[in-house]
Structures are given as structure tokens and as C-alpha cells.
Amino acid sequence: MMIRDIHQLREAPPYGIVAVEGLATAEAAFQTAAKYVPYCPEHLDVWSPQFAQIILECASQVDSLWKAVEKTENPSSSTDKLTIKNHWDRYRDSVSPQKVIFFGGPNPAVISPFDVWSDTTFQSPDWWQAYNKLKHDRFTYQAEATMSNALRSIAGLFLAIVYCGVCDLALISAQMLDTSKHGYNPWAFTKSGFLRDVPFMCRTIIDTRLFAHPLGVFGVSECTLSNWWDSHSPRFNIWWALNAVKYTVGVTGK
């Protein structure tokens with residue numbers, strides 16, 4: 001298997017750094033808003049102008065990132081008219097099964113921002129619909145700026161960054177790539193050289209301020225791991241020990 005060449009990483013487009021910085025900013029903004037509207041299931045439908053700003057920023061960055069990737073890979077193409085339907089055509093298979101674990105509340109929560117894309121018929125995620133409404137008329141649709149839509153929009157940006165294929169270096173630079181303590185090189189586990197294709201056997205996670213995302217676990221036909229995960233993220237290790245059986249086949253309990 002191929003270990004990704006360091007020169008390929010150095011040639012990564014600079015907008016990857018911008019996207020990862022945008023993710024960090026959005027997470028910080030959510031934490032600030034949560035000081036006044038604490039996260040809990042009962043507050044998911046509470047709306048706030050602070051949540052509106054998060055939704056607008058995150059969804060806009062998802063759109064800009066995916067358009068930038070298209071432009072990078074096809075310089076002669078025009079991305080002005082690309083829509084969320086075009087993004088669905090390209091990314092739905094990779095992001096629709098993916099989940100992130102949210103650690104910003106009293107109990108961890110599993111969030112699937114693109115779950116509606118698992119259907120063969122196109123549908124915009126709720127948070128994207130909220131984004132479109134708020135973008136055109138923030139006063140009429142202010143109640144769309146809910147905690148749930150804000151949280152899912154951040155998670156959507158997170159997955160867009162991981163699965164676009166051009167932000168690997170940015171994730172590494174931001175120290176969000178957390179491999180096991182045994183020092184696995186994730187690129188030794190994939191032929192493509194992309195983090196998005198690292199299989200579950202590597203036991204690698206992307207760990208941010210609020211979220212964790214294990215690579216290769218979701219959306220595979222069979223995940224055969226124990227309920228042991230030895231990363232530098234104790235919160236994820238504990239969550240996995242308690243929840244692995246839901247996402248694996250043949251958990252040994254070791």
C-alpha cells in the first residue's frame with residue numbers, strides 16, 4: 001500500500017487551511033452561544049441570532065469548499081452555477097453514512113448531518129434548508145436558526161472538510177488528526193493517500209474542539225473491532241467502549 005508522499009501534502013491548496021480555521025471559529029461560536037442556551041435535547045428547537053450566524057457561515061463554507069475542490073480538479077470548469085444538488089451527486093455516497101460524536105453537552109450525542117442523502121431521491125438537509133431561508137430573509141425565518149440546525153451545520157462542515165480530499169494537510173496542521181498511541185501511519189492503510197479512505201483497522205480519529213469522527217467505521221458493510229480504542233482522546237475512548245456494539249460486527253468485549 002502507498003504511503004502518501006509528503007510533496008503531495010505540501011501541494012494542498014491553501015483554502016483547506018481557511019476551511020479548517022472556519023470550523024474552529026464556528027465551534028467556538030457555538031460554545032459561546034451555549035453559555036446562554038445550554039445544550040440539551042429540550043433546547044434543540046430554541047432559536048437565536050447567534051445560531052443564525054453559525055448556520056450562515058458553516059453552510060456557506062461547505063458550498064465554497066466543494067466548489068473550490070471542483071475548480072482545483074477541473075480548472076476550466078465554471079462553478080458559479082453549482083448547487084446543493086450537484087454536491088449531492090458528487091458527495092452523497094461518501095458523506096451520507098457518516099456520523100460525528102458531539103461532546104459539547106452533558107452526554108455525548110451522535111449527529112448525522114447528511115443522513116437524508118442516503119435516499120436515492122435528492123433532498124436538502126434540514127440545516128441547509130434553514131440556511132437558504134435565512135440567507136434570503138433573516139427576519140421572516142429567524143425561527144429556523146435553531147440550536148439543532150446550528151449544530152448540524154457545524155457537523156456538516158466538519159464532514160465536508162474530511163471527505164473533500166484536499167484538507168488533509170490542514171487537519172494535520174491543526175492537530176486534529178489523532179492516531180493511536182502505537183504510532184500508526186494512516187497513509188500506510190490506504191491506496192488513495194486520502195484520510196477519507198483510511199479503514200477502521202487503523203483506529204484513527206479526527207478530533208476537534210467539540211467533535212470526534214472515527215475514520216472507516218461508518219458506511220462500511222462490516223466493521224469488526226473490539227470495544228477498545230486507544231487514542232489520545234479519552235472522551236472518545238470511553239464513548240467507544242460504551243457504544244462500539246452499535247457500530248460493529250462481532251465485538252469481542254476485550
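The analysis underlying the following values was restricted to heavy atoms, covering all of them including side chains, and did not include hydrogens, waters or symmetry mates. Residue indices begin at 1 and follow the sequence shown.
If you check the side chains of S60 and D63, you find no donor sitting under 3.5 Å from an acceptor.
Between R196 and L215, every side-chain heavy-atom pair lies at or beyond the 4.5 Å cut-off. Looking only at side-chain heavy atoms (C-beta outward), W88 and V95 stay at 4.5 Å or farther from each other. At least one side-chain heavy atom of I84 sits under 4.5 Å from a side-chain heavy atom of W117. Using a 4.5 Å heavy-atom threshold, the side chains of I111 and F211 count as touching. Within the 4.5 Å cutoff, no side-chain heavy atoms of V245 are placed close to those of N227.
Checked against ring-ring contact (aromatic ring centres under 6.0 Å, His included), Y163 has the following partners two or more places apart in sequence or in another chain: H213. Residues passing the side-chain hydrogen bond (donor to acceptor under 3.5 Å, both in side chains) test with D137 are T140, sequence neighbours excluded. Scanning for side chain to side chain contact (heavy atoms under 4.5 Å, CB included) contacts around T79 gives K67, E70, K71, S77, L82, with sequence neighbours left out. Every residue two or more places apart in sequence or in another chain was checked for a ring-ring contact (aromatic ring centres under 6.0 Å, His included) with F103, and none qualifies. In this structure, the salt bridge (Lys or Arg N to Asp or Glu O under 4.0 Å) partners of E73, at least two apart in sequence or on a different chain, are R90. Take E144 and apply the salt bridge (Lys or Arg N to Asp or Glu O under 4.0 Å) test, not counting sequence neighbours, and it matches K133. Taking S221 as the reference, nothing meets the side-chain hydrogen bond (donor to acceptor under 3.5 Å, both in side chains) condition, with sequence neighbours excluded. For D126, the salt bridge (Lys or Arg N to Asp or Glu O under 4.0 Å) test picks out no residue, with sequence neighbours left out. For F200, there are no ring-ring contact (aromatic ring centres under 6.0 Å, His included) partners at least two apart in sequence or on another chain. Residues that satisfy the ring-ring contact (aromatic ring centres under 6.0 Å, His included) test with Y131, not counting sequence neighbours, are W128. With sequence neighbours excluded, no residue forms a salt bridge (Lys or Arg N to Asp or Glu O under 4.0 Å) with R203.
The two residues A33 and Q50 have their closest heavy-atom pair at CB-CB, 4.0 Å. In terms of heavy-atom proximity, D168 sits nearest to L195 at OD2-N, 2.9 Å. Contact detail for C202 and P186: the closest heavy-atom pair is SG-CA, 3.7 Å. Nearest heavy-atom pair across S233 and D178 is N-OD2, 3.4 Å. Pairing each heavy atom of P125 with each of P113, the nearest pair is CB-O, 3.6 Å. Closest heavy-atom contact between L65 and C167: CD1-SG, 4.0 Å.
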Please lay out, stage by stage, how T208 and E27 fare under the test side-chain hydrogen bond (donor to acceptor under 3.5 Å, both in side chains).
-> CA-CA 9 Å; T208 73; E27 289 185 310; 2.6 Å; yes

Check step by step if side-chain hydrogen bond (donor to acceptor under 3.5 Å, both in side chains) holds for E57 and Q53.
-> CA-CA 6 Å; E57 286 293 329; Q53 191 62 39; 3.3 Å; yes

Could you walk me through whether D197 and S192 pass the side-chain hydrogen bond (donor to acceptor under 3.5 Å, both in side chains) check?
-> CA-CA 7 Å; D197 296 321; S192 70; 2.6 Å; yes

Could you give me the CA-CA distance, side-chain angles and deciding distance for F51 and F30, then say whether side-chain contact (heavy atoms from CB on, under 4.5 Å) is met?
-> CA-CA 7 Å; F51 295 144; F30 186 88; 4.1 Å; yes

Candidate pair L23 and Q61, rule side-chain contact (heavy atoms from CB on, under 4.5 Å), full reasoning | CA-CA 9 Å; L23 172 64; Q61 288 189 72; over 6 Å; no

Let me see the working for F158 and L210 under side-chain contact (heavy atoms from CB on, under 4.5 Å), right down to the final yes or no.
-> CA-CA 10 Å; F158 182 22; L210 295 178; over 6 Å; no

Worked verdict on T224 versus T248 for side-chain contact (heavy atoms from CB on, under 4.5 Å) = CA-CA 6 Å; T224 53; T248 57; over 6 Å; no

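Linking ILVMFWY side-chain heavy atoms closer than 4.5 Å, directly or via other members, places V62 and V18 in two distinct hydrophobic clusters. No continuous path of ILVMFWY side-chain contacts below 4.5 Å connects I17 to V162, so the two sit in separate hydrophobic clusters. W47 is not connected to L44 by any chain of hydrophobic side-chain contacts under 4.5 Å among Ile, Leu, Val, Met, Phe, Trp and Tyr, and they are in different clusters. Residues M201 and I205 share a single hydrophobic cluster, defined by chaining ILVMFWY side chains whose heavy atoms lie under 4.5 Å apart.
Rounding to the nearest 0.5 Å gives a distance of 7.0 Å between SG of C164 and OH of Y15. Put simply, CZ on F122 and OG1 on T83 are 6.5 Å apart, with the number rounded to the nearest 0.5 Å. Taken from CZ in F218 to SG in C223, the straight-line distance is 8.5 Å, to the nearest 0.5 Å. The distance from the OG atom of S48 to the CE atom of M147 is 8.5 Å, given to the nearest 0.5 Å. To the nearest 0.5 Å, atom CD1 of residue I54 and atom OG1 of residue T25 are 11.0 Å apart. The line from OG1 of T204 to CD1 of I206 is 7.5 Å long, rounded to the nearest 0.5 Å.
Between Y247 and the options L225, V217, V220, a side chain to side chain contact (heavy atoms under 4.5 Å, CB included) holds for only V217. Partner of D207 under the side chain to side chain donor-acceptor pair (under 3.5 Å) criterion, out of H232, Q175, R235: R235 alone.
Using bins of under 30°, 30° to 60° and over 60° for the plane-to-plane angle, the ring pair F236/W229 lands in the perpendicular bin.
Aromatic ring centroids of Y39 and F102 lie under 6.0 Å apart.
For residues 146-162, the pairs satisfying side chain to side chain donor-acceptor pair (under 3.5 Å) are D115-R152, T146-N149, with sequence neighbours left out.
More than 12 heavy-atom neighbours from other residues, nucleotides or ligands sit within 6.0 angstrom of NZ on K85.
Counting only distance, with no hydrogens or angles, the side chain of D119 and the backbone of T121 share a donor-acceptor pair below 3.5 Å.
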